[in-house]
Enquirer: 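Provided herewith is a single structure, encoded as structure tokens, for subsequent inquiry.
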Amino acid sequence: MLDLRLYMAQRLSALIMAPLVIGHIAVMIYAIQGGLSVDEILGRTQGSFAWFAFYGLFVLAVSVHAAIGLRVIVHEWLGLKGGALQAFTWAVALGLLVLGGRSVWAVTFA
Amino acid sequence: MSVEDGKLTVEVWRGAGGLGRFETFEVPRQESQTVLDVVSWIQQYADPTLTYRYACRVGMCGSCAMMVNGVPRWTCRTHVGKVATGDSLTVEPLRNLPVIKDLAADMDPFFDKWVQAEAVHHPSETRHDPMRAVDADSSARQQANAGIECINCAVCYAACDTVSGNPDYLGPAALQRAWTLYNDEREADPEAILDAVSGVGGCHNCHSMGSCAQYCPNELNPLAAIAGLKRETAKRVFRRRKNA
Ligand code: HEM
Ligand code: SF4
Ligand code: SF4
Ligand code: FES
């Protein structure tokens, strides 16, 4: 159930995520030195356009990537197809976008 | 006990369409016996109504493939001694295809997909033109040669879990043939091939797990051919952008 368009979207979103995952892990390792506190995290992210862009892009890429990936799995394992498969794909993409987008917003500009 | 005195207990799938059951036969063990020999013995000496398919008996025609102990194999070149678990053997029709009767699978979906993949030669010259010399050393020709010995046995198609999960998927053999034609310098319409393998059942569904390459009796590598198609179709996306 993957045509060229979905395949490219999944590979390109993976390509975007790869450096972001490394960046995310690097910051985690750096941030937990000497304990972790809410103030410390928010101090870094609040009002920062750079962190908003970093995690915003991450959320966008995950939404696209995971929706397409799960679409493949539910088609091959559960036989979902046609309109139901389409609806499932969009629900996952928009669901992740909303959930992730809210969190990014909460730690940056909210 | 020498091989000659032995008996083989063979579970054979009997039935038509989706319905059926296993039937058990006792078959005398012989030296250098193939699975096809076993099936033929049953048909000749135990039950003449057993339906199965073969032609060449030497691994050329691709018609004798069946599931042997759960694994797809060309039965005419599969020695019982290599695959039997103790003295027992299970023989079923090829996986991922409808069953006509007993051990004969319906190959139509398999071959229909060859056509859907545009795995058909589009001639660039007519029979009246002089024969074109083909550069045997070019890298495209090497790519084509790597897949050219396919005997259409559908062993790879039966081995592919993506075919099981996604009935639209064109499958390893059809895509490999599309790739050999794409790389043939006599091919008139390689772009049509890339279009045909880019749809919902196309090469992009392959998960690169390699069962096709593992089980192909001719040791071909459809996985590599499919990777080639993925590469060329992806490259074309960027080429089109530039040209637009
Ligand atoms: C750097 C990060 C990542 C990379 C490089 C990556 C790469 C890939 C690739 C290449 C595939 C295709 C596999 C195939 O079709 O056989 C895939 C599938 C998939 N990915 Fe990711 N991925 C990443 C992160 C994620 C994340 C964060 C999620 C979930 C939120 C995810 C969920 C999935 C799912 C569900 C599939 C479908 C499995 C399949 O098709 O076999 N991936 N990923
Ligand atoms: S590598 Fe691709 S074509 Fe080969 S068995 Fe796996 S999914 Fe099927
Ligand atoms: S690629 Fe190999 S397994 Fe598949 S049809 Fe051709 S010869 Fe048979
Ligand atoms: S009978 Fe021809 S390949 Fe086995």
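Order of the sequence lines sets the chain letters (A, B, ...), proteins ahead of strands, with each chain counted from 1.
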Enquirer: So with a 6.0 Å cut-off around NZ of B:Lys101, is the heavy-atom count from everything else above 12?
Expert: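 Result for NZ/B:Lys101: enclosed.
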Enquirer: Under 6.0 Å from the CD atom of B:Glu191, do we count more than 12 heavy atoms belonging to anything else shown?
Expert: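 Correct, the count exceeds 12.
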Enquirer: What part of B:Asn166 lies closer than 4.5 angstrom to a heavy atom of chain A: side chain, backbone, both or neither?
Expert: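 Both backbone and side chain.
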Enquirer: To the nearest 0.5 angstrom, please state how far the OH atom of A:Tyr7 sits from the SG atom of B:Cys203.
Expert: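 So the gap between those two atoms works out to 7.5 Å.
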Enquirer: So which atom in B:His204 and which in A:Leu2 form the shortest heavy-atom distance, rounded to 0.1 Å?
Expert: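 Closest approach of B:His204 to A:Leu2, heavy atoms only: O-CD1, 3.6 Å.
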Enquirer: Give a yes or no on whether A:Glu40 atom CD has more than 12 heavy-atom contacts from other residues, nucleotides or ligands under 6.0 Å away.
Expert: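 Counting other residues, nucleotides and ligands, CD of A:Glu40 exceeds 12 neighbours.
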Enquirer: Is there side-chain contact between B:Tyr169 and A:Glu76, with heavy atoms separated by less than 4.5 Å?
Expert: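 The answer is no; the side chains never approach within 4.5 Å.
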Enquirer: With a cut-off of 6.0 Å (strictly less than), are more than 12 heavy atoms of other residues, nucleotides or ligands near CG of A:Leu36?
Expert: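 Atom CG in A:Leu36 is crowded, with more than 12 foreign heavy atoms closer than 6.0 Å.
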Enquirer: Any idea which heavy atoms bring B:Val200 and A:Asp3 closest together, and the distance?
Expert: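 Taking every non-hydrogen atom into account, N-CB, 4.0 Å.
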Enquirer: Counting only heavy atoms not in A:Arg102, do more than 12 sit closer than 6.0 Å to its CZ atom?
Expert: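 For A:Arg102, atom CZ is not crowded (no more than 12 foreign heavy atoms under 6.0 Å).
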Enquirer: Considering only heavy atoms and a distance below 4.5 Å, find which of B:Gly201, B:Gly202, B:Ala234, B:Ser164 pairs most often with chain A.
Expert: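 The answer is B:Ala234.
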Enquirer: Begin with the C-alpha distance, continue with both residues' side-chain angles, and end with the deciding distance and a verdict on side chain to side chain contact (heavy atoms under 4.5 Å, CB included) for B:His207 and A:Val72.
Expert: CA-CA 10 Å; B:His207 293 295; A:Val72 171; 3.5 Å; yes
